[in-house]
Undergrad: 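Below is a structure I'd like to ask you about.
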Number of protein chains: 2
Amino acid sequence: MSDPVRSSDPERVRAPNIRDVARVAGVSYQTVSRALNDSPSIRPETLARVRAAIDELGYRPNQAARALVTSRSRTIGVLSAQTVHYGPATSIQAIETAAREAGYRLSITNISSSEYASIKAGLDHLMAQSIEALIVVAPQVRVFEALSDLQVAVPFVTLEATGLNSAHSLWVDQIQGARLATRHLIDLGHTEIMHISGPQDWIEAEARMQGFLRELSDADLRTRAPILGDWTAHFGYYAGLELLRYRDFTAAFCGNDQMALGFLHACREEGLSVPGDMSIVGFDDIPEAAHFAPPLTTVRQNFAEIGRRAIELLLGELRGDTELSHAPVQPELIVRQSTARLV
Amino acid sequence: MSDPVRSSDPERVRAPNIRDVARVAGVSYQTVSRALNDSPSIRPETLARVRAAIDELGYRPNQAARALVTSRSRTIGVLSAQTVHYGPATSIQAIETAAREAGYRLSITNISSSEYASIKAGLDHLMAQSIEALIVVAPQVRVFEALSDLQVAVPFVTLEATGLNSAHSLWVDQIQGARLATRHLIDLGHTEIMHISGPQDWIEAEARMQGFLRELSDADLRTRAPILGDWTAHFGYYAGLELLRYRDFTAAFCGNDQMALGFLHACREEGLSVPGDMSIVGFDDIPEAAHFAPPLTTVRQNFAEIGRRAIELLLGELRGDTELSHAPVQPELIVRQSTARLV
DNA sequence: CGAGCGGATGTGAACGTACACATCCGAGGG
DNA sequence: CCCTCGGATGTGTACGTTCACATCCGCTCG
């Protein structure tokens with residue numbers, strides 16, 4: 001009955017506005033506005049009166065009105081795929097925290113598939129909210145087409161690099177990470193190394209594969225066609241069962257930790273000892289990786305760091321700052337017990 | 001130079017508004033408004049002209065102006081913890097999709113700790129955006145205090161039940177799930193069963209523990225004090241190492257799959273065979289659980305279903321529908337290879 | 001002692017839309 | 001043949017805020 005929101009009688013209780021506050025504080029509405037935007041030219045005494053009135057009424061500034069008059073939505077859009085995965089989820093969490101601290105809202109949109117239509121729909125939904133900036137998490141190749149087709153006119157950053165778009169990218173150096181992983185296996189004496197990759201329309205998958213291939217070719221080792229997976233443990237498992245029918249390799253570099261987990265499972269079922277008979281390296285260092293059987297050697301990415309820096313970069317750009325660092329974040333090889341010297 | 005957003009000259013290119021569209025279409029702005037809100041009383045021919053003008057100008061309705069005049073933000077708030085985890089992340093993804101399809105935006109806020117201040121800050125941030133409804137994902141006990149303290153005056157749903165708030169809850173029956181898991185172990189002949197629980201200020205952890213204790217007491221088995229963990233694989237591992245110093249139990253029910261993974265790791269290190277020497281049950285059925293060593297027996301929850309239903313429920317409430325189902329979603333026991341009959 | 005100045009505060013307008021109401025027009029009925 | 005009616009369209013206004021400018025006051029300086 002005293003519910004101010006759901007009551008529907010004509011005498012509906014209106015939320016207090018700036019003029020109500022002004023009346024209570026005995027000042028003009030403009031003074032209240034100044035108090036809200038901490039203008040320098042307001043007497044401390046007046047400020048205190050306004051603050052008291054705000055508390056008394058439980059006043060909250062109306063963000064829609066603000067956005068309308070300033071034409072600034074204070075919203076940052078996030079276009080993401082696979083938010084369920086550890087990496088994107090961690091980055092998004094860091095993005096959210098950083099954005100909130102800076103007084104920005106976040107609007108997150110998931111794309112269900114990597115098809116152009118799906119990407120475009122997601123982007124449309126975000127643009128309709130007049131976002132001030134855009135972050136693309138875990139981008140697919142086609143995202144870039146959509147970005148230029150739709151003439152996205154706001155500053156944006158993708159959390160992966162294509163090389164083509166380095167001015168808009170911020171990334172963990174995936175190629176370097178893949179090289180670290182591959183070199184680790186080579187250093188252990190492995191020469192026949194398999195790569196189970198992520199889907200090829202994912203930029204990260206592509207980069208990891210490239211790093212893998214380059215390192216092999218630098219070491220003059222035979223390269224074999226990578227298997228194209230879908231990031232899931234299930235895929236790693238079934239691919240492993242299939243691959244292990246021909247035991248013509250002694251090490252595998254998996255595109256992420258989940259696929260490595262599945263592959264580990266396949267090895268176990270086929271009676272292969274890891275790392276005795278087979279060395280395995282993953283990618284991401286999800287928190288669970290340290291507890292796999294055996295604990296997984298993998299490449300750690302600092303997802304949170306990337307998220308924070310994305311916001312930093314965009315806010316800088318909105319402020320007009322220039323020359324902010326796009327330097328890639330370096331990944332780190334974490335050696336555990338799933339890799340061993342080839343005997 | 002032709003960038004309509006970042007240009008800062010006085011002749012700044014303004015985004016087209018409803019009046020611009022009206023002028024091009026040769027109608028009044030109100031007619032454009034009608035076209036946008038598909039009013040019945042507009043001639044098809046006129047509608048077509050307006051549509052053409054909209055396309056020509058690349059017009060997009062200004063949501064801030066709409067929100068201001070209708071005093072409807074079309075935003076649903078999500079308060080969440082642990083968005084990085086599979087369960088909450090899956091629910092949120094489903095929520096986002098359902099909300100978008102219904103024309104709503106989502107505003108997600110993470111709380112970093114379960115302290116009251118943190119919860120209140122998150123809730124404040126959401127309320128400041130004049131959200132129309134609220135979903136609390138993975139709620140802590142203190143959320144309810146905050147909800148009533150802040151007099152949250154919008155429809156809300158928590159994705160877990162306390163029993164106290166069933167009118168605002170939508171949940172997987174955690175107690176039932178925990179009973180299923182515990183009964184499974186009892187049926188296998190185990191009588192000394194350990195429980196590694198989640199943090200006690202989490203409603204889900206509390207519910208799972210209750211289910212565990214009730215099932216034990218129904219079977220007239222000795223209950224032992226559960227270990228209070230933090231959901232992580234690390235905790236499961238270290239707790240396992242500690243607990244296994246006294247091998248006075250033959251089965252463990254872990255509060256989630258991650259802790260089960262860590263416990264599995266500890267068993268392996270202590271030379272215990274699972275399920276030979278120790279049976280283990282997890283909770284959640286994360287996609288990786290099927291590939292643990294051994295594949296984990298666990299309780300599956302339909303996180304996506306819960307997310308979808310949350311939106312359905314709230315939109316119904318906003319529409320004024322009544323009597324929508326709050327019936328709990330039933331969890332399902334998935335028996336894999338981490339449990340066996342006690343010999 | 002008055003002009004000028006600057007800090008504090010007030011007034012008018014604008015942002016882009018939807019709602020309430022007014023107007024217009026042609027068709028149909030008395 | 002005029003009146004009425006209803007569908008289609010137009011006009012005024014309000015939503016809550018900020019920006020640009022106006023005003024007021026007391027003080028300093030020449």
Side-chain angles (χ1 to χ4, degrees), chain A residues 4-5 8 10 12-51 53-54 57-75 103 128-130 132, chain B residues 4-5 8 10 12-51 53-54 57-74 103 127-130 132:
Chain A
V5 166
S8 55
R12 182 200 197 91
V13 184
R14 194 175 40 75
N17 64 20
I18 208 179
R19 285 172 210 261
D20 298 324
V21 175
R23 200 173 315 119
V24 171
V27 296
S28 77
Y29 58 84
Q30 175 58 11
T31 301
V32 177
S33 174
R34 276 189 266 261
L36 292 171
N37 298 288
D38 32 50
S39 143
S41 62
I42 184 171
R43 275 190 315 169
E45 180 195 311
T46 314
L47 181 58
R49 273 224 309 288
V50 173
R51 290 243 171 91
I54 286 174
L57 296 177
Y59 165 80
R60 286 175 188 279
N62 180 316
Q63 308 226 32
R66 270 193 171 164
L68 179 59
V69 71
T70 60
S71 60
R72 299 199 47 192
S73 64
R74 297 225 152 244
T75 300
Q129 299 174 46
S130 46
E132 292 184 33
Chain B
V5 166
S8 55
R12 183 199 196 92
V13 185
R14 195 176 40 74
N17 65 20
I18 207 178
R19 299 183 134 92
D20 298 324
V21 174
R23 200 173 314 119
V24 171
V27 296
S28 77
Y29 58 84
Q30 176 58 12
T31 301
V32 177
S33 174
R34 276 189 266 263
L36 292 172
N37 298 290
D38 33 49
S39 146
S41 62
I42 184 171
R43 274 190 314 170
E45 177 196 315
T46 315
L47 181 59
R49 273 224 309 289
V50 173
R51 290 244 171 93
I54 286 175
L57 295 177
Y59 166 80
R60 287 173 186 280
N62 181 316
Q63 309 225 28
R66 271 194 170 166
L68 178 59
V69 72
T70 59
S71 60
R72 299 199 48 191
S73 65
R74 297 226 154 242
M127 295 308 291
Q129 299 172 48
S130 45
E132 291 184 35

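Below, read A as the first sequence line, B as the second, and so on, with proteins coming before strands; counting in each chain starts at 1.
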Undergrad: In whole Å, what is the span from the CD1 atom of B/I42 to the P atom of C/dA18?
TA: 13 Å
Undergrad: Considering just the side-chain nitrogens and oxygens of B/T70, establish if one lies under 4.0 Å of OP1 or OP2 belonging to C/dT17.
TA: no
Undergrad: Does A/R66 put a side-chain nitrogen or oxygen below 4.0 Å from OP1 or OP2 of D/dT18?
TA: yes
Undergrad: Would you mind reading off the distance between A/I18 atom CD1 and D/dC19 atom C1', rounded to a whole angstrom?
TA: 12 Å
Undergrad: Should B/R34 and B/T46 be marked as a side-chain contact (heavy atoms from CB on, under 4.5 Å) after you check the CA-CA gap, both sets of side-chain angles, and the distance that decides it?
TA: CA-CA 10 Å; B/R34 276 189 266 263; B/T46 315; over 6 Å; no
Undergrad: What's the shortest heavy-atom distance between A/P16 and A/Y59, and which atoms?
TA: O-CD1, 3.3 Å
Undergrad: Could you give the CG-to-P distance, from B/N17 to C/dA18, as a whole number of Å?
TA: 12 Å
Undergrad: Assess whether one donor atom and one acceptor atom, taken from the side chain of A/R34 and the base of C/dG10, lie less than 3.5 Å apart.
TA: yes
Undergrad: Quick one: does A/Q63's side chain get under 4.5 Å of A/T75's, heavy atoms only?
TA: no
Undergrad: A/T70: which residues meet the side chain to side chain contact (heavy atoms under 4.5 Å, CB included) condition with it, sequence neighbours left out?
TA: A/R72
Undergrad: Taking the side chain as everything from C-beta on, heavy atoms only, tell me whether B/I18 gets closer than 4.5 Å to B/S33.
TA: yes
Undergrad: Below 3.5 Å is the cut-off: list the nitrogen or oxygen pairs between protein and nucleotides 22-25 of chain C, distance only.
TA:
none

Undergrad: How many Å lie between CG on A/L36 and C1' on D/dT18, as a whole number?
TA: 11 Å
Undergrad: Atom CZ of residue position B/R74 - does it have more than 12 heavy atoms of other residues, nucleotides or ligands inside 6.0 Å?
TA: yes
Undergrad: Report yes if at least one side-chain N or O of B/N37 is closer than 4.0 Å to OP1 or OP2 of C/dA18; otherwise report no.
TA: yes
Undergrad: Could you tell me whether the side chain of B/N37 reaches within less than 4.5 Å of the side chain of B/R66, counting heavy atoms only?
TA: yes
Undergrad: Nearest-Å distance, CD (A/E45) to C1' (C/dT9)?
TA: 13 Å
Undergrad: Determine whether a donor-acceptor pair (N or O, by modelled atom type, separation under 3.5 Å) exists between the side chain of B/E132 and the backbone of B/S73.
TA: yes
Undergrad: Which residues, if any, of residues 19-33 of chain B bring a heavy atom under 4.0 Å of DNA chain C?
TA: B/R19, B/Y29, B/Q30, B/S33
Undergrad: Indicate, with a heavy-atom threshold strictly under 4.0 Å, whether B/L68 touches base, sugar-phosphate, or nothing.
TA: base
Undergrad: Rounded to whole Å, how long is the line connecting atom CZ of A/R72 with atom P of D/dT17?
TA: 18 Å
Undergrad: Take A/R60 and B/P40, find for each the nucleotide of DNA chain D with the closest heavy atom, and name the residue whose nucleotide sits nearer the 5' end.
TA: B/P40
Undergrad: Do other residues, nucleotides or ligands put more than 12 heavy atoms under 6.0 Å from the CZ atom of B/R49?
TA: yes
Undergrad: Considering just the side-chain nitrogens and oxygens of A/R43, establish if one lies under 4.0 Å of OP1 or OP2 belonging to C/dT9.
TA: yes
Undergrad: Answer with base, sugar-phosphate or nothing: what part of the nucleic acid does A/S41 contact at a heavy-atom distance below 4.0 Å?
TA: base
